[in-house]
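Here's the structure, in C-alpha cells; my notes come after.
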Amino acid sequence: ILEDDPVFNPCHVINDIITEFIEVLNDRKNFMKILFKSMEKHKKHSIQLSNEIGWIDGDIPGVESFPNVLAVMIVCLLRLENKNADTMDDNDRRKLSQQCDVVLKKCKELNVGTQTNGIIKKYFANLLNPETGDQVCQLACSGGDCVIL
C-alpha cells in the first residue's frame, strides 16, 4: 500500500490494517455478516441453476471469495485519508468513489453476484452520507439488486 512512502514502516501498516478491519467489523449494520450471507446465497443459487440446466463451467464463486473481497475493501479503505462525511470535500468523494470502483472491479474478477456488489456500494455510500446512504445506494445499484441493511 505504502511502499512508495519514504517512511514506510511495516508495523504501522499492520496496525492500520487491523484498525480498519475492526472499523469494518464494528459496523452497526452487520456489514461483514450480510456480505458473507450474500455470497453464500449467490453460490447456492448458482449451484441450483447449474444443476437445473445440467452444466457447470468451472468453479462456482461463493463464500471462498469472501476473504479476498474483504481484504481488497480494507486496503481500499486504508487508502482514503478522510472517511468523515461531515468533512469530505469533492476530492475526498472522488477518491471514495474510485476506491469503491477498485473493489467492484475485483468482485467482477471473482464473479461475485450483483446483490453482493450492491451491498458493497451501499457500504461506500454510507461513508458518503450515513443518513441517506440507503437512498444513494438505491440510485447506484442497477436493477434493484441492492439489499437494505
Side-chain angles (χ1 to χ4, degrees), residues 1-48 58-149:
I1 301 168
L2 302 172
E3 295 165 347
D4 298 332
D5 189 345
V7 291
F8 175 72
N9 183 337
C11 292
H12 291 184
V13 173
I14 290 169
N15 289 339
D16 291 344
I17 289 171
I18 291 170
T19 301
E20 194 63 50
F21 176 75
I22 291 170
E23 285 182 25
V24 173
L25 182 63
N26 194 36
D27 179 61
R28 290 176 282 137
K29 297 180 180 182
N30 296 315
F31 168 75
M32 286 177 35
K33 178 181 175 184
I34 291 171
L35 181 68
F36 182 85
K37 292 291 185 183
S38 172
M39 295 176 88
E40 185 178 56
K41 181 179 176 183
H42 174 69
K43 182 167 186 160
K44 286 178 185 176
H45 176 71
S46 297
I47 290 171
Q48 180 183 11
D59 293 333
I60 297 173
V63 294
E64 300 83 13
S65 302
F66 176 76
N68 296 340
V69 171
L70 190 59
V72 170
M73 271 193 72
I74 289 171
V75 169
C76 287
L77 289 167
L78 272 174
R79 291 178 178 160
L80 300 173
E81 296 170 14
N82 181 6
K83 292 180 283 226
N84 183 344
D86 295 334
T87 60
M88 276 189 185
D89 60 18
D90 289 340
N91 190 38
D92 294 327
R93 288 187 214 9
R94 185 179 44 70
K95 287 179 183 177
L96 180 72
S97 179
Q98 289 171 342
Q99 294 308 311
C100 182
D101 290 343
V102 169
V103 175
L104 295 174
K105 181 180 176 187
K106 184 63 175 180
C107 288
K108 185 175 182 178
E109 291 173 14
L110 296 170
N111 288 326
V112 173
T114 56
Q115 184 178 23
T116 303
N117 287 341
I119 291 167
I120 291 167
K121 287 178 186 178
K122 182 181 183 321
Y123 185 87
F124 279 89
N126 281 333
L127 291 176
L128 279 174
N129 192 342
E131 289 85 35
T132 60
D134 292 339
Q135 296 167 4
V136 173
C137 182
Q138 287 173 352
L139 295 174
C141 298
S142 62
D145 289 327
C146 188
V147 173
I148 303 301
L149 304 178

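The shown structure was predicted, so the numbers you read here are calculated from the model rather than taken from an experiment. These numbers come from the heavy atoms of this one structure, side chains and all, not from hydrogens, waters or symmetry mates.
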Starting at NZ of K122, measure out to CG of L35 and round the result to the nearest 0.5 Å.
13.0 Å
Drop me the distance from F31's CZ to E23's CD, to the nearest 0.5 angstrom.
13.5 Å
I'd like to check V69 versus M39 (side-chain heavy atoms, cut-off strictly below 4.5 Å). Are they in contact?
yes
Working to the nearest 0.5 angstrom, can you tell me the gap between L127 CG and D92 CG?
11.5 Å
Using 0.5 Å steps for rounding, measure from the CG atom of L77 to the SG atom of C100.
9.5 Å
Could you list the residues that satisfy side-chain contact (heavy atoms from CB on, under 4.5 Å) with N91, not counting sequence neighbours?
D89, R94, K95
How many angstroms lie between OG1 in T116 and CD in E40, if you round to the nearest 0.5 Å?
11.0 Å
Considering all heavy atoms, the nearest Q115-K41 contact
OE1-CD, 3.8 Å
Sequence neighbours excluded, which residues qualify as side-chain contact (heavy atoms from CB on, under 4.5 Å) partners of K105?
E109
Relative to each other, are the rings of F66 and F36 parallel, tilted or perpendicular (30° and 60° limits)?
perpendicular
E20 and D16, any side-chain heavy atoms less than 4.5 Å apart:
no
Side chains of L80 and L96: closer than 4.5 Å at any heavy-atom pair?
yes
What's the separation between atom CD1 in I17 and atom CG in L78, rounded to the nearest 0.5 Å?
6.0 Å
Give the intermediate values and the outcome of side chain to side chain contact (heavy atoms under 4.5 Å, CB included) for residues Q98 and R79.
CA-CA 10 Å; Q98 289 171 342; R79 291 178 178 160; over 6 Å; no
V103 and F124: side chain to side chain contact (heavy atoms under 4.5 Å, CB included), yes or no, with the steps?
CA-CA 10 Å; V103 175; F124 279 89; 4.0 Å; yes
Determine, step by step, whether I120 and V112 satisfy the side chain to side chain contact (heavy atoms under 4.5 Å, CB included) criterion, reporting the C-alpha distance in whole Å, the side-chain angles of both residues, the deciding distance to 0.1 Å, and the verdict.
CA-CA 11 Å; I120 291 167; V112 173; 5.5 Å; no
